[in-house]
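Written out below as structure tokens is the structure these notes cover.
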Number of protein chains: 2
Amino acid sequence: MPAARRRSNSERRDVSQGRILDAAEALFAQSGFNGVSVKDIAGAAEVDTSLVHYYFGSKAGLFTAVIQRYAPRVNQARMDSMAAYARTAGAGLDLEGVLRAYLEPAFRIAIDGGESEQNYMRLIAQVSVAPPSAMAGVQVTAFDPVIEAFIALLHQARPAATRTDLYWFYHLLSGAITQSWARTGRIDRLSGGLCRSDDLAQILEETVQLFAGYPLKRRA
Amino acid sequence: MPAARRRSNSERRDVSQGRILDAAEALFAQSGFNGVSVKDIAGAAEVDTSLVHYYFGSKAGLFTAVIQRYAPRVNQARMDSMAAYARTAGAGLDLEGVLRAYLEPAFRIAIDGGESEQNYMRLIAQVSVAPPSAMAGVQVTAFDPVIEAFIALLHQARPAATRTDLYWFYHLLSGAITQSWARTGRIDRLSGGLCRSDDLAQILEETVQLFAGYPLKRRA
DNA sequence: ATTATCTATAGATCTATAGATAATGC
DNA sequence: ATTATCTATAGATCTATAGATAATGC
């Protein structure tokens with residue numbers, strides 16, 4: 001039996017913060033901001049309650065830290081994917097390609113990632129439909145710049161569409177995605193098992209096919 | 001000044017229950033089940049806290065009562081609308097018509113109704129994406145039978161589609177609707193005011209147009 | 001006599017902090 | 001010396017109920 005290894009302060013810090021963030025992410029995703037206590041989170045993370053306040057200041061601060069943890073990774077993956085597609089497709093850029101370039105990275109992170117990434121997506125889904133007051137007043141604006149880039153690409157794929165069209169299109173698309181991230185099991189129950197809400201690869205295809213069919217052009 | 005009118009017990013009961021349900025609906029929609037206290041609700045309803053327990057037993061019981069209040073009205077309106085459409089359209093039944101027959105009634109209730117109806121829709125939206133544990137364990141199954149009827153009509157409009165196709169279609173549609181009921185103001189901010197998330201009449205049109213364009217037929 | 005409403009409070013829980021202790025840092 | 005962790009607790013708040021009072025019912 002080896003002697004207990006000496007851990008540096010930054011190691012201890014990282015480990016504790018990571019445990020707290022993982023536990024908070026899972027519990028917030030499961031029960032919402034107000035459905036979980038700091039004590040619950042500390043218990044799940046196997047640290048003391050006071051340590052949560054030591055590192056994150058307040059419960060709201062912890063919530064914000066959870067939300068912000070993977071945002072840069074998701075944003076970067078989307079930006080890279082859209083840039084790569086725009087480059088390869090050139091003038092042949094189309095709606096299906098743009099949709100796939102935007103949607104695929106986040107789905108890939110959820111599919112390839114572990115529970116943590118999936119809890120994160122579920123949490124983002126809830127925050128997306130909740131009024132700010134329900135979730136510690138956290139507005140999710142971290143993804144906004146990437147959405148602007150996505151809208152710009154959509155415009156290239158459908159030059160005749162108005163900006164209003166494009167934003168409504170995004171509104172409906174984001175709703176469909178939110179529903180999928182949430183993984184409530186509702187469609188499993190309704191369909192009698194034909195569809196599985198955790199089959200993200202399938203959902204990605206369904207989403208692309210449905211939304212790629214839209215003319216995105218103002219009716220008379 | 002007239003003498004204080006004598007109110008019957010059933011009147012007093014209805015008034016108090018109604019005030020409590022209205023207040024609960026508004027506050028739950030704004031802050032979620034766990035973001036609101038019974039005291040908050042009683043205060044907004046201008047009744048005593050203990051009256052809430054007298055009429056609804058528990059906070060969870062009140063939440064369930066709120067959810068169930070308008071469900072029959074929404075269900076009945078949808079069933080009537082779909083039956084009427086199936087009758088008039090006959091063999092000429094198409095996807096756009098089916099979508100409109102299913103979607104229009106709930107939108108109409110929200111558009112023609114007051115704040116209460118709109119708060120209700122917002123609450124349904126949140127419950128739809130929340131795991132059961134986040135919302136007093138309330139699963140929304142009240143609408144399930146009507147969804148089955150909708151799926152059956154969809155099948156008539158797209159006979160070649162598989163049941164799996166139809167359920168995925170419903171999954172994505174319900175996400176879009178949920179996002180719209182939630183009225184988060186997000187699309188208003190993103191679009192710089194071009195789109196308004198409380199313009200339900202417009203959203204109904206956008207939703208019908210987008211989803212009616214889908215071939216709903218298995219790809220190769 | 002029954003139903004609706006109010007008063008008062010039990011008992012649990014929650015967020016947050018002050019201050020002590022135990023590690024690592026250098 | 002500084003940073004991480006633990007102990008103990010303040011002070012607020014929360015759900016729920018027991019029991020009293022004030023209405024209506026008949």
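Lettering follows sequence order; numbering is per chain, from 1. Predicted, not measured: the structure shown is a model, and the values here were computed from it.
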- Query: How does DNA chain D look in dot-bracket form if you count Watson-Crick and G-U pairs under 3.5 Å, write [ ] for pairs that cross, and put | where a base pairs with another strand?
  - Reply: ||||||||||||||||||||||||..

- Item | A/A45: side-chain contact (heavy atoms from CB on, under 4.5 Å) partners, not counting sequence neighbours | A/R19, A/I20, A/A23, A/V47

Give me, pair by pair, the N or O atoms of the protein and of nucleotides 21-23 of chain C that are less than 3.5 Å apart, along with how far apart they are.
none

- For B/A77, check side-chain contact (heavy atoms from CB on, under 4.5 Å) against everything at least two apart and list the hits. B/P105, B/I109

- Message: If I take atom CZ in residue A/R13 and atom P in nucleotide D/dT2, what distance separates them, rounded to the nearest angstrom?
- Response: 16 Å

- By ring pair (Phe, Tyr, Trp, His ring centres under 6.0 Å) - contacts of B/F107 (at least two apart): B/W181

- Among residues two or more places apart or on two chains, list those pairs meeting ring-ring contact (aromatic ring centres under 6.0 Å, His included) that have a residue in residues 109-137 of chain A. A/Y70-A/Y120

- Message: Using the salt bridge (Lys or Arg N to Asp or Glu O under 4.0 Å) criterion, which residues pair with A/D188? Sequence neighbours excluded.
- Response: none

- With B/R163 via salt bridge (Lys or Arg N to Asp or Glu O under 4.0 Å) - residues at least two apart: none

- Considering residues at least two apart in sequence or located in another chain, which fulfil the side-chain contact (heavy atoms from CB on, under 4.5 Å) criterion with B/R13? B/Q17, B/Y55

- Query: Does B/S16 have a side-chain nitrogen or oxygen under 4.0 Å from the phosphate oxygens OP1 or OP2 of C/dA4?
  - Reply: no

- The ring pair (Phe, Tyr, Trp, His ring centres under 6.0 Å) partners of A/F28 (sequence neighbours excluded) come to A/F33, A/F63

- nucleotides 8-20 of chain D: protein proximity per nucleotide (B base, S sugar-phosphate only, - neither; heavy atom, under 4.0 Å): ------SSBB---

- Item | Residues which pass salt bridge (Lys or Arg N to Asp or Glu O under 4.0 Å) with A/D144, listed by chain and number, not counting sequence neighbours | B/R186, B/R189

- Note on the structure: Here the pair of heavy atoms bringing A/S116 nearest to A/D22 is OG-OD1, 3.9 Å

